[in-house]
Amino acid sequence: MPTMTLIQAINAALDEEMKRDERVMLLGEDVGKRGGVFLATEGLQQKYGPDRVMDTPLSEAAIIGAAVGLAAHGMRPVAEIQFADYVFPGIDQLFSQAAKLRYRSGGQFSAPMVVRMPTGGGVKGGHHHSQSPEAHFAHTAGLKVIVVSTPYDAKGLLKAAIRNDDPVVFMEPKRLYRAVKEEVPADDFLLPIGKAAVRREGRDITLVSYGGPMVETLKAAEEMVAAGLDPEVIDLRTVMPWDKETVLASVAKTGRLLMISEAPRTASIASEVTATVSEELFDQLLAPPLRVSGFDTPYPLAQDKLYMPTVTRILAAAKRLLDY
Amino acid sequence: MIQEKVRFQPFSSEPIRLIDEQGRWIAPFEHGLPPDRLQRFYRDMLAARLLDEKLVILIRTGKTSFIAPHAGHEAAQVGIAHALRKGHDWLFPYYRDMGLVLALGVPLVEIFGQTLGNAADPAKGRQMPSHPGSKALNVFTVCSAIASHIPPATGAALSMKLRRTGQVAVCTFGDGATSEGDWHAGINFAAVQQAPAVFVCENNRYAISVNISKQTASENIAIKAQAYGMPGYYVDGLDVLASYFVMQEAIERARAGQGPSLVELVVHRFGAHSSADDDSRYRSREELAAERQQDPLLRYQRFLEQQGLWDARWANELRLEISKALEAALQEALQAGEPDPLEMFDDVYAARPWHLEEQRRLVAEELQS
Ligand SMILES: Cc1ncc(C[n+]2csc(CCOP(=O)(O)OP(=O)(O)O)c2C)c(N)n1
Ligand SMILES: [Mg+2]
């Protein structure tokens, strides 16, 4: 089995899907010769030509909006938004068109498309290369939202997203693009959208996270294990629809939930998960569910590291839960 | 100053040019500028070039995290800066305008502070390098999101009109920006309201790797103005005096209540898109080498030489003087140190609501322990 970084796994998924189905095409800024600014589409224009790997004008509205029309007409477009922070000029197309097409046509039309985007902070990117806008998408009915954290998941979930019949926002934590390598099968495999992964089984406390902060979450779990504790770690992978069943089963066992995310705290995925657990498991909780999150400020450059959920912050919150 | 006569025709098929490659003045009018002013253009272009070289050193030595080189844009940027009424008119720049804000008078220490993201940055290190701004000089702090500043420039110009302040809003952007919806929305509104704005495209024919042929099917950028009902000027942006005189006419036209214009300054991008880019992936070295032959500084140097206003000794002294000023400002900025981490929670709103107080307290406690 080959070992791959996250960005290589994405490249492989795109390549395989384009080979498998000639309706699959890529469009975005700099995806052609340049291979994308992070090289997700490297080599693909050479292989499939400029009609199937298309450099677009600099307009996210054109990219996402055209993807809606391409998809409605029978193509399987995968749109690349250069950074999640730059999706906003295309938001009207994503929210008003892509998300609601199936509903407003009573199921007659649909937009089976994927919108890929690098997300998250920790790369000294300042305001507009660091944000984690997944809650905006999750809050918009009609979109599925995936945030991956491993090369294996990236390949299996991207392939599944491309074959999915709904618009999927596929978010790739840019700080993980080249951070780790792991074995990823060279052949065709799909992972289920909406299913979390239990990264570690344990009985004392449930740590739930997704995307970039899975790194800090797993590190914190290791330290807890070294200190004689037994945490369970869940990677949501899909944040809309998120895997309630897996999270509830885990918290029912441990009685304690710590939700970790680098997105701003208020009205976040973390808020949603902790609220749901409070509603449904109130009488089985040993402590109130807690959140470790990003702050409710724009993402600052100078405090790039401070903004992120650190291992220290995760451990402090876990201690509060365990000492409750 | 009210514009006495109209010198330039919009929608020309060839770029407006006043100085040719050999440095000869080829315009049908006298420039009428005094020698010290002519030399000042050169000085500002040289300072812009040397700043660019300094920024490249800062990125190579790991002292900063990002730069967007402006080499090749100097004539355009200095032309714009000289046409504005400094500190009176407003500038809405974009990230490749470090040479422009320098020529406009943003202090070097602030420029380096912003580049270092440290306490010398008036914006408190909040944004990536190449995102300057200055309340004192009416420079609207740069936003990375391409073309997002066009409608705000229209709004400011509208306020200038409604409040009769005699100011003009000048808004710069790249060729790629003209594809964004916000670009069209802002320009259309400005024309409808005859707002005193000048929209300026620094057209280097690339948006990162994407050539202009994939950006627009229009003959040029200036021609787009026709559809919105404003004049569009197609200008050789490697010619500092063409850039200056056209900008000046457009600005004074706007100031006189005759509405907005679009000015396209055709330039070269000598560097990669940014320090995060490798342009050899998409642009041939031959193309780049040919462009470098058309250095805007060299063309203007030839012009000055023919006027008896340039010699190597003077230029060397100038270079030395600017380099010293750059180094001194850099050293001063380096001394400033890191910004206070708790400043992260300031300026989200005019006053901190309870939730930001809570979050700030958490970090303050963490920093103490
Ligand atoms: C809305 C938005 N989309 C994408 C980007 C990423 N991006 C940064 S610069 C750039 C190219 C801009 O090209 P152009 O407007 O020609 O200006 P130049 O850099 O050539 O001066 C792109 C796509 C962005 N900053 N904002
Ligand atoms: Mg450009």
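In what follows, chains are A, B, ... by sequence order, proteins preceding strands, each numbered from 1.
Looking only at heavy-atom pairs under 4.5 Å with chain B, the residue among A/Phe88, A/Phe83, A/Tyr86 that has the most is A/Tyr86. Across B/Ser144, B/Ala145, B/Gly176, the residue that shares the most heavy-atom pairs under 4.5 angstrom with chain A is B/Ser144.
In this structure, no portion of A/Thr312 lies under 4.5 Å from any heavy atom of chain B. When heavy atoms are compared at a cutoff of 4.5 Å, A/Ile63 does not approach chain B at all. Neither the backbone nor the side chain of B/Asp121 comes within contact range of chain A; no heavy atoms are under 4.5 Å apart. Heavy atoms closer than 4.5 Å to chain A are found nowhere in B/Ala147, neither backbone nor side chain. In this structure, chain A has heavy atoms under 4.5 Å from both the backbone and the side chain of B/Glu180. If you measure heavy-atom distances from B/Val363 to chain A, the contacts under 4.5 Å come from the side chain alone. Only the side chain of A/Glu42 comes within contact range of chain B, judged by heavy atoms closer than 4.5 Å. For a residue to count as touching a neighbouring chain, one of its non-hydrogen atoms must lie under 4.5 Å from one of that chain's; by this rule B/Leu356 touches chain A with the side chain only. When heavy atoms are compared at a cutoff of 4.5 Å, B/Asp346 does not approach chain A at all. Heavy atoms closer than 4.5 Å to chain A are found nowhere in B/Ile212, neither backbone nor side chain. At a 4.5 Å heavy-atom cutoff, the contact between A/Gln82 and chain B is made by side-chain atoms alone.
Using a 4.5 Å heavy-atom threshold, the side chains of A/Leu70 and A/Met113 count as separate. The side-chain heavy atoms of A/Pro298 and B/Val348, taken from C-beta on, include a pair separated by under 4.5 Å. B/Phe92 places none of its side-chain heavy atoms less than 4.5 Å from the side chain of B/Phe173. Counting heavy atoms from C-beta outward, A/Leu301 and B/Gln127 have side chains that stay 4.5 Å or more apart. B/Thr141 places none of its side-chain heavy atoms less than 4.5 Å from the side chain of B/His131.
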Given the rule in the side chain to side chain contact (heavy atoms under 4.5 Å, CB included) test, do A/Lys33 and A/Gln46 qualify, once you have shown the distances and angles that lead to the verdict? CA-CA 8 Å; A/Lys33 253 193 216 168; A/Gln46 284 90 315; over 6 Å; no
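Figure legend: cation-pi geometry between A/Arg265 and A/Phe295 absent, as NZ or CZ is not positioned both under 6.0 Å from the six-membered ring centre and within 45° of its axis.
Note: A/Phe38 and A/Tyr177 have tilted aromatic rings, judged against thresholds of 30 and 60 degrees for the angle between ring planes.
Against chain A, the residues from residues 213-228 of chain B that qualify, each with a non-hydrogen atom under 4.5 angstrom away, are B/Lys214, B/Gln215 in number order.
For A/Tyr299 and A/His127, the distance between ring centers is not under 6.0 angstrom.
Between the CD atom of B/Gln114 and the CZ atom of B/Arg126 there is a distance of 12.5 Å, given to the nearest 0.5 Å. Distance check, rounded to the nearest 0.5 Å: CD of B/Glu287 to NE2 of B/His268 gives 9.0 Å.
Remark: side-chain polar atoms of A/Asp30 are not paired, donor with acceptor, to backbone N or O of A/Val37 under 3.5 angstrom.
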